[in-house]
Peer 1: 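Starting off with a structure, shown below.
A quick note: this is a predicted structure, and the numbers were derived from the prediction, not measured.
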Amino acid sequence: MTIRSRQLIALTLPTALSAMLNNAYRVIDQQAVQWLGVDAQAAIASCTFILIGYYAIYSIISAGTLSLVARAVGAEQASEQQRLIGNALTGAVLIGAVVLGLSGLFAPAITHLLGLSDAVADQATIFLRWQAAYCLPQAIMPTLDAIFIAYGRTRIVLGLQIIATVLNIVLNPVCIYRLGYGIGGSAMATGLSQAVAALIGLLLLRRSFPFRFRHLGFDGAVLKIAKIGLPMCWGILMFSLVYGAMLHWVISPLGAPVNAALGIGFSALEGFTWPIFWGFSMGIASLVGRNLGAGDVTEAKQAIRLGFKLLTLTGLLVTGIFFFGAQWLCGWFTKDAQVLAEAVRYAQILAFAQLFVAYESLAEGVLSGAGKTTTIFYWSAPLNILRIPFSWFFAIYLGYGSAAVWWVIGASTFIKALGKGWSVRSGGWQR
């Protein structure tokens, strides 16, 4: 049966809302530790890109799982579904244990690489060590979410995220202040809340899907999963490193107001709009994977055409909100006149890129569902890296300031959208 707009929205909206709640973790933790002092808040903020890096490594398993499980679902291969899910969950546990073990062991060295010192470094070290002790469930959840998305059961993903978010809000003050664990209690609250969500998710998986715990283990399937997931991992890691480099060489030299504007624009504004695009991307990936598994390319193309229409409308809506609502939106996050002016400039310039962010997310969904993640990497990593020298050249060397940085980001987004869109139009994903 041909998919309709209502069906696509029903598939993608829960994923988008789930991503919004997942992004809210940083805001919740930042708010929860504020009574510990500025050093604790700075430590939490400084660890953001480290945690993004960890998520990138976890995506080695989660990205490949979505594509392969969706294909097995479409092909109605129950035994292959069991094999893939067992390998994926086992791989997620193993990779999470290695990453978090090394993170706890080398926490002081990591904080040194971040350029932290004194009390902030001490707080960040404590946070990373408690995170290593309690946050293994955070390594499992992306893969668990990918499995449910592959089946098209995105409401389960949203439900689990709601449980985790509510528990995190409740447990943060308990662990930080009532139990007296300080900044470590923030990591503890995150780990415990994710553990409850992961346990419920595993029980649902065992009860309602063709999976039993005896299917856990390794065979050749984990290599197939990792082959698809590795390009996504490198892409996310590269993205994190690029923004770190831009902060060091371009943003910070332009002054604190520009630095603050990036935080408002990237985390607050795009932190709420990007999950909408990501939700559509994951929904399209699920549909493409399942239809390719079923050998129905025509239905996959229909889903892509429908996704294009809906994302065009969404992208134009976000463009209008960013451009015309910039002053009001940014005013919620700062009362400083300089910071507000810079944040408005960010929002209004990046408004012109939002339609292409939408198209890029659509193309990534198609390519991810088809397992063509290497194509995504080739069109993402080089253009993200080029943001560093071009931003420096126009903003610092030629003296055009922060506006040049935002225009460079927008221009690279436009090119990435064109490249990934061309890859979809060429039809290679169908094979």
Peer 1: Just by distance, do the side chain of Q354 and the backbone of L350 share a donor-acceptor pair under 3.5 Å?
Peer 2: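 Answer holds: yes.
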Peer 1: Determine whether the aromatic ring centres of residues W130 and Y181 are separated by less than 6.0 angstrom.
Peer 2: yes
Peer 1: Just wondering, are more than 12 heavy atoms of other shown residues or ligands nearer than 6.0 Å to CZ in R155?
Peer 2: no
Peer 1: Around atom OH of Y177, are there more than 12 heavy atoms from other residues, nucleotides or ligands closer than 6.0 Å?
Peer 2: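 Correct, the count exceeds 12.
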Peer 1: Measuring from C233:SG to I228:CD1, what's the distance to the nearest 0.5 Å?
Peer 2: 14.5 Å
Peer 1: I need the E364 CD to I376 CD1 distance, nearest 0.5 Å.
Peer 2: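 Between E364 CD and I376 CD1, I get 5.0 Å after rounding to 0.5 Å.
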Peer 1: Is there a side-chain contact between S186 and F127 (heavy atoms, below 4.5 Å)?
Peer 2: yes
Peer 1: So L311 and S361, side chain to side chain contact (heavy atoms under 4.5 Å, CB included) or not? Walk me through it.
Peer 2: CA-CA 9 Å; L311 278 167; S361 68; 4.1 Å; yes
Peer 1: To the nearest 0.5 Å, what is the distance between CG (L317) and CG (L313)?
Peer 2: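 It comes to 8.5 Å.
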Peer 1: Evaluate D145 against M141 for side chain to side chain contact (heavy atoms under 4.5 Å, CB included), listing each step before the verdict.
Peer 2: CA-CA 6 Å; D145 288 346; M141 282 303 295; 3.7 Å; yes
Peer 1: Compare every heavy atom of P231 with every heavy atom of T374, then report the nearest pair and how far apart it is.
Peer 2: OG1-CG, 3.6 Å
Peer 1: Counting only heavy atoms not in Y243 (residues, nucleotides, ligands), do more than 12 fall under 6.0 Å from its OH?
Peer 2: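 Counting other residues, nucleotides and ligands, OH of Y243 exceeds 12 neighbours.
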Peer 1: Do E342 and L254 come within less than 4.5 Å of each other through their side chains, counting heavy atoms only?
Peer 2: no
Peer 1: May I ask you to decide if L158's main-chain N or O and S18's side chain share a donor-acceptor pair within less than 3.5 Å?
Peer 2: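 No, S18 side chain to L158 backbone: no donor-acceptor pair under 3.5 Å.
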Peer 1: Do other residues, nucleotides or ligands put more than 12 heavy atoms under 6.0 Å from Y151 OH?
Peer 2: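 Correct, the count exceeds 12.
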Peer 1: What are the two closest heavy atoms between I284 and V366, and how far apart are they?
Peer 2: CG2-CG2, 3.7 Å
Peer 1: Using every non-hydrogen atom in the two residues, find where I183 and L36 come nearest and quote the distance to one decimal.
Peer 2: N-CD1, 3.5 Å
Peer 1: Between R71 (side chain only) and A370 (backbone N and O only), is there a donor and an acceptor less than 3.5 Å apart?
Peer 2: yes
Peer 1: Hey, does T190 have a side-chain heavy atom less than 4.5 Å from the side chain of C135?
Peer 2: yes
Peer 1: Will you find, in the side chains of S286 and R290, an N or O donor that is under 3.5 Å from an N or O acceptor?
Peer 2: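 Short answer, yes.
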Peer 1: Ignoring hydrogens and angles, state whether a donor on the side chain of T413 or R387 is under 3.5 Å from an acceptor on the partner side chain.
Peer 2: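 Yes, because at least one side-chain N or O of T413 sits under 3.5 Å from a partner of the opposite role on R387.
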Peer 1: Is the count of non-hydrogen atoms from other residues, nucleotides or ligands lying under 6.0 Å from Q430 atom CD greater than 12?
Peer 2: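 Result for CD/Q430: enclosed.
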Peer 1: Given 3.5 Å as the limit, does a donor-acceptor pair link the side chain of S103 with the main chain of L100, or not?
Peer 2: no
Peer 1: With sequence neighbours excluded, tell me which residues meet salt bridge (charged side-chain N to carboxylate O under 4.0 Å, His left out) with K416.
Peer 2: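 Applying salt bridge (charged side-chain N to carboxylate O under 4.0 Å, His left out) to K416 gives E360.
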Peer 1: Do F394 and V250 come close enough that some side-chain heavy atom pair is under 4.5 Å?
Peer 2: no
Peer 1: Is the distance between the ring centroids of F323 and F352 under 6.0 Å?
Peer 2: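 Yes, ring centres under 6.0 Å apart.
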Peer 1: Short question: side chain of S412, backbone of V408 - any donor-acceptor pair under 3.5 Å?
Peer 2: yes
Peer 1: Atom CG in L367, atom OG in S67: separation rounded to 0.5 Å?
Peer 2: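 One gets 10.5 Å once the value is rounded to the nearest 0.5 Å.
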Peer 1: Heavy atoms, side chains only, cut-off 4.5 Å: are L269 and C330 in contact?
Peer 2: yes
Peer 1: List the steps and the verdict of side chain to side chain contact (heavy atoms under 4.5 Å, CB included) for L167 and L192.
Peer 2: CA-CA 8 Å; L167 282 175; L192 292 177; over 6 Å; no
Peer 1: Is Y54 close to Q131 at the side-chain level, that is, under 4.5 Å between some pair of heavy atoms?
Peer 2: yes
Peer 1: Can you name the nearest heavy-atom pair linking P14 to I9, along with the distance?
Peer 2: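 That closest heavy-atom pairing would be CD-O, 4.0 Å.
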Peer 1: Is the count of non-hydrogen atoms from other residues, nucleotides or ligands lying under 6.0 Å from R345 atom CZ greater than 12?
Peer 2: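 Yes, the 6.0 Å shell around CZ holds more than 12 heavy atoms from other groups.
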Peer 1: Between OG1 of T154 and CD1 of I149, what distance do you get to the nearest 0.5 Å?
Peer 2: 7.5 Å
Peer 1: Please walk me through it: do Y58 and T143 pass side chain to side chain contact (heavy atoms under 4.5 Å, CB included)?
Peer 2: CA-CA 8 Å; Y58 303 154; T143 295; over 6 Å; no
Peer 1: Looking at side-chain heavy atoms only, is the closest gap between I147 and L89 below 4.5 Å?
Peer 2: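 SC-SC contact between I147 and L89 confirmed.
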Peer 1: Out of curiosity, I95 CD1 to I61 CD1, how far, rounded to the nearest 0.5 Å?
Peer 2: 4.0 Å
Peer 1: Looking at every non-hydrogen atom in both residues, tell me the closest pair between V157 and F148 and how far apart they are.
Peer 2: CG2-CB, 3.7 Å
Peer 1: If we only count heavy atoms from C-beta on, is the T165 to I28 side-chain gap below 4.5 Å?
Peer 2: yes
